[in-house]
Colleague: 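Before we start, here is the structure in question, set down as structure tokens.
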Amino acid sequence: MSIKNVLWGAPRIHGELLKLGFAVAQSTIAKYMVWNVGPSDQRRATFLRNRGPHIASMDLFVVPTICFIQLYVLVTVRLARRELVWINVTKHPTAEWIAQQITEALHEPREFLELKANE
């Protein structure tokens, strides 16, 4: 099963075998699974070299003020040079506000973001 379904892990194969009436421990399945079916086309280093300059990280977190007001902060960092790309603060974040911040931070058209969100 692990050769024919490379994306299945031991828990999934264990569940399928239970449905078929085979009582096998999940640890036994993991022990006999074939992990490396073939050579990978692209290694992690190649992936990061090719796409590293375009990868960004975003974080939305809450900051309580001294007056007990909660402010929401959205931070965007480009991982290639660890540079701060965008930061903005609001009291009431909405989906439209977040989409606008992503658009301004990454310079992507808003239609592209909405298309990706609906897929």
Side-chain angles (χ1 to χ4, degrees):
M1 278 186 169
S2 67
I3 294 172
K4 294 288 183 184
N5 305 296
V6 293
L7 297 178
W8 288 12
R12 173 76 185 262
I13 293 174
H14 180 251
E16 294 296 323
L17 288 175
L18 285 176
K19 289 178 191 174
L20 295 172
F22 296 102
V24 181
Q26 185 175 330
S27 60
T28 305
I29 295 168
K31 182 175 160 182
Y32 291 106
M33 282 183 63
V34 177
W35 291 104
N36 294 327
V37 177
S40 102
D41 294 342
Q42 190 177 53
R43 301 276 181 233
R44 184 171 188 255
T46 307
F47 176 84
L48 290 175
R49 189 177 331 106
N50 292 340
R51 293 174 183 84
H54 307 290
I55 297 175
S57 175
M58 298 180 141
D59 193 10
L60 179 66
F61 56 92
V62 179
V63 177
T65 64
I66 197 163
C67 299
F68 301 107
I69 298 171
Q70 289 186 344
L71 297 177
Y72 296 85
V73 180
L74 181 75
V75 177
T76 306
V77 178
R78 245 195 238 278
L79 297 180
R81 296 181 179 228
R82 293 186 180 114
E83 63 179 325
L84 183 64
V85 176
W86 189 257
I87 185 168
N88 209 339
V89 180
T90 185
K91 285 184 183 177
H92 306 286
T94 61
E96 292 81 21
W97 181 80
I98 292 175
Q100 180 64 34
Q101 300 313 309
I102 294 170
T103 302
E104 292 178 14
L106 302 179
H107 307 293
E108 294 288 345
R110 189 178 183 103
E111 296 81 26
F112 174 77
L113 293 171
E114 290 172 0
L115 178 68
K116 286 298 213 181
N118 293 330
E119 288 180 353

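All values below come from the heavy atoms of this structure, side chains included, with hydrogens, waters and symmetry mates left out. This one's a predicted model, so the numbers in the text were calculated from it and none came from an experiment.
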Colleague: When you check the side-chain N and O atoms of Trp86 and Glu104, is any donor under 3.5 Å from an acceptor?
Modeller: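 Checked: Trp86/Glu104 side chains show no N/O donor-acceptor pair below 3.5 Å.
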
Colleague: If every non-hydrogen atom of Thr76 is compared with every non-hydrogen atom of Ala105, which pair is closest and at what distance?
Modeller: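 Closest heavy-atom pair between Thr76 and Ala105: OG1-CB, 3.9 Å.
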
Colleague: Spell out, as yes or no, whether a donor-acceptor pair under 3.5 Å connects the side chain of His14 to the backbone of Ala25.
Modeller: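 No: the side chain of His14 does not pair with the backbone of Ala25.
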
Colleague: Measure the spacing between CG of Asn88 and CD of Gln101 and express it to the nearest 0.5 Å.
Modeller: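 The CG atom of Asn88 sits 4.0 Å away from the CD atom of Gln101.
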
Colleague: Taking atom OH of Tyr72 and atom CD1 of Ile98, what is their separation to the nearest 0.5 Å?
Modeller: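 Atom-to-atom, Tyr72:OH and Ile98:CD1 are 10.5 Å apart.
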
Colleague: Do Leu60 and Ile102 sit in one hydrophobic cluster, given that two such residues count as connected whenever their side-chain heavy atoms are within less than 4.5 Å of each other, even indirectly?
Modeller: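 Yes: a chain of side-chain contacts under 4.5 Å links Leu60 to Ile102.
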
Colleague: Can you give me the closest heavy-atom contact between Pro64 and Val62, atom names plus distance?
Modeller: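 Taking every non-hydrogen atom into account, CD-O, 3.9 Å.
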
Colleague: Does Lys19 have any salt bridge (Lys or Arg N to Asp or Glu O under 4.0 Å) partners at least two apart in sequence or in another chain, and if so, which?
Modeller: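 So Lys19 forms a salt bridge (Lys or Arg N to Asp or Glu O under 4.0 Å) with Glu16.
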
Colleague: Indicate whether any N or O donor in one side chain lies under 3.5 Å from an N or O acceptor in the other, for Gln100 and Glu96.
Modeller: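 Checked: Gln100/Glu96 side chains show no N/O donor-acceptor pair below 3.5 Å.
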
Colleague: Taking Ile13 as the starting point, is it possible to reach Tyr32 by hopping between hydrophobic residues whose side chains are less than 4.5 Å apart?
Modeller: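 No, no single cluster joins them.
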
Colleague: How long is the straight-line distance from CD of Gln26 back to CZ of Arg12, given to the nearest 0.5 Å?
Modeller: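 Result: 13.0 Å between the selected atoms.
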
Colleague: Can Trp8 be reached from Leu18 by stepping across I, L, V, M, F, W or Y side chains whose heavy atoms are under 4.5 Å apart?
Modeller: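 Unlinked, Leu18 and Trp8 end up in two clusters.
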
Colleague: Return each pair, listed once, that meets salt bridge (Lys or Arg N to Asp or Glu O under 4.0 Å) where at least one residue sits in residues 69-79; pairs must be two or more places apart or across chains.
Modeller: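 Applying salt bridge (Lys or Arg N to Asp or Glu O under 4.0 Å) to every pair that reaches into residues 69-79, excluding sequence neighbours, yields nothing.
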
Colleague: Running the 4.5 Å side-chain criterion over Ile, Leu, Val, Met, Phe, Trp and Tyr, what cluster does Val89 land in, apart from itself?
Modeller: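 Joined to Val89, directly or through intermediates: Phe61, Val63, Ile69, Leu71, Val73, Val75, Val77, Leu84, Ile87.
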
Colleague: Rounded to the nearest 0.5 Å, how far does CE of Met1 lie from CG of Leu17?
Modeller: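 Going from CG on Leu17 over to CE on Met1, the span is 4.5 Å.
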
